[in-house]
J.: 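Input: one structure, supplied below.
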Amino acid sequence: MASVSLSSRLNKVVRQQYMKLPQGGKCQVTYIWIDGSGEGLRNKTRTLDEEPQSIKDIPEWNFDGSSTCQSKDSNSDMYLIPVSMFRDPFTLDPNKLVLCEVFKYDRSPAETNHRVKCNKVMEQIKEHCIWFGMEQEYTLLGMDGHPFSWPANGYPGPQGPYYCGVGADRAYGRDIVECHYKACLYAGVKICGTNAEVMPSQWEFQVGPCEGIEMGDHLWVSRFLLHRVCEDFGVVATLDPKPMMGNWNGAGCHTNVSTKQMREEGGLKYIEEAIEKLRKRQAEHICVYDPHGGEDNKRRLTGLHETASIKEFSSGVANRGASIRISRQVAQEMRGYFEDRRPSANCDPYLVTAAIANTCLLEKEKEPEA
């Protein structure tokens, strides 16, 4: 049997007895934030006297930053500033989930609070009505760190039958995927699809289209929901870009981009111009497309397994081995969007979307990098 957590084996019928109790008009609000790793999410819950109607009704809070790698013991209080509110699919209405920015004691952004800079970029390009859609790949693991449902002392059959597959021998963990999908819809996350991926136990969900800063907000909350659903099932969702070495696909977060001009008639011209700008800033983008300055993507962007080499930039129509892909439909209609296939599964969407927006719409032309 797959390795699952002891907590997942607790009596859920007993739990439900308490979850049905009335709240006396009170509201539980769970504050969510990005920790000092830039990848992990933390959360804690407080009671409000009534259901908040907007983000303005959610008060600031604080937490111990020395326990999240965000401050020292001697000056540990960090501020939680609510920025986006969602319905809570675990404790249900009227309870809320609230995504927060983290600020230090002096009200400056924490090192991993990249939302502040991203928001400034998005405000500068507001007239372009930039839309993003991000394809979040992830891999399910047992508590022993082994891919969920893989043979304990070996490997499943080679890749081929698992992508969008159906059947107990092809789709591992579908219950988790479907519960996460429903949780996102209930919460108000703009999830738009899901599918099994090429490697067994690997899945993908898509969030978008989202305009501007909304992309990062919705993707981070969708990740929180994924980890929380997996917690209930006793397994782990990893966003590692290459969880299994060898002849197995890695995990990315392909980012689809479209401006108002790209969506209008003749928009292919603007798509091609944006791709040319991205070509000239390959190294700069690789540095922010994973949390470790490109080191994570070195394991994934090899030129194999539907990736382009991290050392080169390429683009093409319907080419999943390129850095940037233009879909066949976009090429035929000559308008729409492009897909940047370089961001890793564990990327920070605020950094990725800000970099793309900045390069394509704000920065002036410069000579290609050496």
Side-chain angles (χ1 to χ4, degrees), residues 23 26-123 183-184 186-190 207 210 212-231 237 239 291 346-354:
Q23 298 182 186
K26 304 289 186 179
C27 179
Q28 293 174 284
V29 177
T30 297
Y31 289 58
I32 304 166
W33 71 95
I34 302 163
D35 68 17
S37 71
E39 300 179 68
L41 288 163
R42 308 292 180 113
N43 70 104
K44 63 176 186 172
T45 305
R46 74 187 299 177
T47 303
L48 298 185
D49 289 334
E50 58 186 10
E51 180 181 1
Q53 299 304 307
S54 73
I55 197 68
K56 295 179 181 178
D57 298 328
I58 309 289
E60 294 183 11
W61 207 7
N62 58 71
F63 68 96
D64 170 20
S66 68
S67 298
T68 61
C69 300
Q70 289 173 293
S71 69
K72 297 179 180 179
D73 290 342
S74 58
N75 195 5
S76 62
D77 282 3
M78 307 285 284
Y79 293 106
L80 290 173
I81 311 299
V83 293
S84 192
M85 183 172 70
F86 299 81
R87 297 168 70 196
D88 188 336
F90 306 108
T91 59
L92 307 182
D93 290 337
N95 304 316
K96 306 296 181 186
L97 303 177
V98 178
L99 181 67
C100 300
E101 286 188 8
V102 177
F103 287 82
K104 301 178 187 178
Y105 69 95
D106 60 358
R107 294 282 176 169
S108 62
E111 281 76 8
T112 55
N113 178 2
H114 300 298
R115 188 182 188 276
V116 171
K117 290 183 179 179
C118 181
N119 202 28
K120 289 179 180 178
V121 171
M122 298 307 170
E123 286 297 317
C184 285
Y186 182 94
V189 169
K190 292 186 176 180
V207 176
C210 295
I213 196 67
E214 188 180 54
M215 184 69 255
D217 293 349
H218 281 243
L219 191 69
W220 273 115
V221 172
S222 72
R223 288 175 174 178
F224 173 82
L225 295 175
L226 174 64
H227 293 308
R228 183 63 180 74
V229 168
C230 284
E231 181 183 323
L239 305 186
N346 60 343
C347 71
D348 187 322
Y350 296 129
L351 286 175
V352 171
T353 56

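Predicted model only: the values in this text are computed from it and were never measured.
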J.: Run the side-chain hydrogen bond (donor to acceptor under 3.5 Å, both in side chains) check on Ser76 and Asp73 step by step: do they pass?
T.: CA-CA 5 Å; Ser76 62; Asp73 290 342; over 6 Å; no

J.: Please verify the inter-ring angle class for Phe86 with His218; under 30° counts as parallel, over 60° as perpendicular, anything in between as tilted.
T.: perpendicular

J.: Can you tell me if Ser71 uses its side chain to pair, donor with acceptor, with the backbone of Ser66 under 3.5 Å?
T.: yes

J.: Take Tyr79 and Asp106 through the side-chain hydrogen bond (donor to acceptor under 3.5 Å, both in side chains) test and state the conclusion after the steps.
T.: CA-CA 9 Å; Tyr79 293 106; Asp106 60 358; over 6 Å; no

J.: Hey, are the side chains of Tyr31 and Asn43 touching, using non-hydrogen atoms and a 4.5 Å cut-off?
T.: no

J.: Is there a donor-acceptor pair closer than 3.5 Å between any side-chain N or O of Ser108 and the backbone N or O of Lys104?
T.: no

J.: I'd like to know if Glu50 and Lys26 make a salt bridge, using a cut-off of under 4.0 Å between side-chain N and carboxylate O.
T.: no

J.: Going through the checks in order, is the side-chain hydrogen bond (donor to acceptor under 3.5 Å, both in side chains) test met by Thr68 and Gln70?
T.: CA-CA 5 Å; Thr68 61; Gln70 289 173 293; 2.6 Å; yes

J.: Mark yes or no for whether Asn75, through its side chain, and Lys72, through its backbone, hold a donor-acceptor pair below 3.5 Å.
T.: no

J.: Just wondering, are more than 12 heavy atoms of other shown residues or ligands nearer than 6.0 Å to CG in Asp49?
T.: no

J.: Which of these passes side-chain contact (heavy atoms from CB on, under 4.5 Å) with Val189: Leu225, Leu219, Asp217?
T.: Leu225

J.: Can Asp35 and Arg42 be counted as an ion pair, charged N to O under 4.0 angstrom?
T.: yes

J.: Between Phe90 and Arg228, is there a cation-pi geometry (under 6.0 Å to ring centre, at most 45° from the normal)?
T.: yes

J.: Can any side-chain N or O of Asn119 pair as donor or acceptor with the backbone N or O of Arg115 at less than 3.5 Å?
T.: no

J.: Got a donor-acceptor contact below 3.5 angstrom from the Asn95 side chain to the Leu92 backbone?
T.: yes

J.: Check whether any side-chain heavy atom of Val29 sits under 4.5 Å from a side-chain heavy atom of Thr45, and report yes or no.
T.: no

J.: Could you tell me whether a side-chain N or O of Lys44 sits under 3.5 Å from a main-chain N or O of Asn62, the two making a donor and an acceptor?
T.: yes

